[in-house]
Peer 1: 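The following block contains the structure, expressed as structure tokens.
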Number of protein chains: 2
Amino acid sequence: MLDVTVYDIAREAEVSVSTVSRVLNGTAPVKASTRQKVLALIEKYQFQPNGLARSLLKKVTGTIGIVIPDINNPFFPEVFTGAENALREKGYTFFLCTTHGNFEYESQYLALLREKQVDGILFLGGRINQRHCPPDLAQELEDLNRRIPIVLVNGDLPGSSFHRVFIDEHRGAELATQHLIDLGHRHIGFIGGEPEITATTEKIAAFEQTLAVNGLSSRPEWMLLGDFSIGCGMRRMEELLALPERPTAVFCVNDFVSVGVIKTAFDHGLRIPADIAVVGFDDTVLAASTTPELTTISQRSKELGETSVRVLLQLIQKRRVRKHTVLEPVLKIRRSTVDGLNAAAGQLSQLSEPCG
Amino acid sequence: MLDVTVYDIAREAEVSVSTVSRVLNGTAPVKASTRQKVLALIEKYQFQPNGLARSLLKKVTGTIGIVIPDINNPFFPEVFTGAENALREKGYTFFLCTTHGNFEYESQYLALLREKQVDGILFLGGRINQRHCPPDLAQELEDLNRRIPIVLVNGDLPGSSFHRVFIDEHRGAELATQHLIDLGHRHIGFIGGEPEITATTEKIAAFEQTLAVNGLSSRPEWMLLGDFSIGCGMRRMEELLALPERPTAVFCVNDFVSVGVIKTAFDHGLRIPADIAVVGFDDTVLAASTTPELTTISQRSKELGETSVRVLLQLIQKRRVRKHTVLEPVLKIRRSTVDGLNAAAGQLSQLSEPCG
DNA sequence: ACACCACCTGAAATCGGTTTCATTCGCCAT
DNA sequence: ATGGCGAATGAAACCGATTTCAGGTGGTGT
């Protein structure tokens, strides 16, 4: 009863629905007087056209699906923010789908997104990896990509032909490792990350390669994996500190893990960076909230979101886009590796806006 | 060409679309042999019914809009997680809309959500407040509520009749303040928050009332507002420390602000809690990542999300629900107010899962 | 007076499903 | 043989918009 349609408007205005539609979209000239009449009714009933009906016909929904593993890791909200900002004025809306790294959820959400006719999908499945991703999900994703444009963000599915946007994680890990070496560290550990995931393996490869280039090497007992959580950082750091010989620095797979590492180091009365230096990865808001602030690798998360969604938009408009877009990571040097920096030097950009 | 419809299936199976639809939904008996034929074709073409067409007819989309001010404040992702968990198995999807506290964005998103025919809306607009919210947005929201079920989460619009789910912020602020007083503090400051927003005013009211009950009172120069950011915490703490006389404890409007306060205190060589105790609000992941960990008030964010969405679901199903649902806040005592707690006592629930 | 065009409008098809209504068919009881 | 019933199916209406196509009207140029 509260729902007004073009037919209701047309009837009351004593015109046809075609005319109402033309007033709505300006697709053809309409006599000023009838336009006024129609507009008045639209205003009167607060009429808003039903997007489902329109989308059904036009085959465009103005809707994008974003699939991420974990919304509680601040990295992903930042990517989301970038995507949203890039498309805000175009009137897109976003389905946010959190999978918790669960393949069943992923599969379920992909089906739902297809059913709801999204125009495109941003897939930030950290789990995508040749060895780990089950063949059926890979297949499913590829099939889906034949119907709906998909952009893989910071992930890969070797042997497939997805469009991808990602930062050069190898380079990022190299920057981090070289930074520690340049500071004089010779004994460096690596903490965190699931061993099946690209985000872990890439970093380890670059880590060991950079050590080698500098005539150093990693020690198996200092390579402590797990997952991407704070708790993992705490536990692995406990284990590390229990060893007879300790590294003087650790490189963590992400900021979450770094937070755990710092907490545990602090609990053991260690000073950071004097006793142990810590480098993270992602440059999320967490990096700004630890004491001392965390040296980390910026993934330029907002830009990543913006760029990804721009690529997706090109695909949606059937324009040609290069398959891969790579962003350069940036090393953010803060007090978890270099003592005595003043706070301003920390490049904590998120803290510089005025307040109140 | 890749898009298969019920008509295509029907033609190839030599049945009518009605039959295909019946196979799809099991709404009427279909002979086993024809069912098989249809199912085989559905499998062959990976057919999936078009949700737009279905929703258009059924007037249900299985879609919910969630409007939040800031996705980069970890509190909101936690609420979102709760909502998603509660509705996952029902196959709902969520439009996530971030407004940055911008009324224009809010208005724009509300229109979009209506156009896209969401079944309901969770509105977490921290800005909703009798004095501050512009009358037209208030009006808009109320009009919308006549067409679409809306639940206000942690917000209010006095004089209106929305369904609301919220935690008792007054009680939360009381718990925080009393905790500091019980620890022996007599000089307590308040930092952060925009003065127009309920989340600020409620806390201030409870703060001052609790002081009064204990025979204490606030000092205007120790009430330093601003916004809800880390940067605000830093700046206001600088100002506070520049005063000739300082409080021995501060209560912050949220965890973000607390982080800034702790950072600045640390930069000035102050020890927490010995020189200054800090209490936050929200119990986000940030509270676990500071050194020392932050004593804070848990808003039980995931439960808040779950509960809100449950209420919303009731409304969608036109069942009767009580207008207001209130959650009790919980004080989480950690090392930013009490020295020498061991880490396990911190109740950092998010750190207790196994890893790897 | 006639042809032409620009402007304005409406009827009807369309998008891809679901659902109602009517019909056919086979089977069983009387 | 016949009436009745339930299972199985198809035709057609419907949801709410957009768009094509086909007029109708009025003004202008010759």
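Chain A is the first sequence line, chain B the second, and so forth, proteins listed ahead of strands; every chain is numbered from 1.
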Peer 1: C:dG10 phosphate, OP1 or OP2: any side-chain N/O from A:Ser16 under 4.0 angstrom?
Peer 2: yes

Peer 1: Closer than 4.0 Å, any side-chain N/O of A:Lys31 to the OP1 or OP2 of D:dT25?
Peer 2: no

Peer 1: Grab the CZ-P distance between A:Arg147 and C:dG16 for me, whole Å please.
Peer 2: 14 Å

Peer 1: Hey, which of these two, A:Leu56 or B:Arg22, hits DNA chain D nearer its 5' end, going by closest nucleotide?
Peer 2: B:Arg22

Peer 1: At 4.0 Å (heavy atoms only), tell me whether A:Ser21 reaches a base, stays on the sugar-phosphate, or touches nothing.
Peer 2: base

Peer 1: Between D:dA8 and B:Thr34, is there an OP1 or OP2 to side-chain N/O distance shorter than 4.0 Å?
Peer 2: no

Peer 1: What do you reckon, is CD of A:Glu43 surrounded by more than 12 foreign heavy atoms closer than 6.0 Å?
Peer 2: no

Peer 1: It should be established whether A:Lys58 places a side-chain nitrogen or oxygen under 4.0 Å from OP1 or OP2 of nucleotide C:dT14.
Peer 2: no

Peer 1: If you take atom types as modelled and just measure distance, does the side chain of A:Ser18 reach the base of C:dA11 with a donor-acceptor pair under 3.5 Å?
Peer 2: yes

Peer 1: Would you say D:dT18 has OP1 or OP2 under 4.0 Å from some side-chain N or O of A:Asn25?
Peer 2: yes

Peer 1: With respect to the phosphate group of D:dG16, does any side-chain polar atom (N or O) of A:Thr5 fall under 4.0 Å of OP1 or OP2?
Peer 2: no

Peer 1: Would the A:Phe80 and A:Phe94 ring centres measure less than 6.0 Å apart?
Peer 2: yes

Peer 1: Can you check the B:Asp8 CG to C:dG16 C1' distance for me, whole Å?
Peer 2: 10 Å

Peer 1: Starting at atom CG of B:Asn50, determine the distance to atom P of C:dG17, rounded to an integer number of angstrom.
Peer 2: 6 Å

Peer 1: Mind checking whether B:His100 and B:Tyr105 have parallel, tilted or perpendicular rings, split at 30° and 60°?
Peer 2: perpendicular

Peer 1: Across the strands shown, which category fits B:Val20 at heavy-atom distances under 4.0 angstrom: base, sugar-phosphate, nothing?
Peer 2: nothing

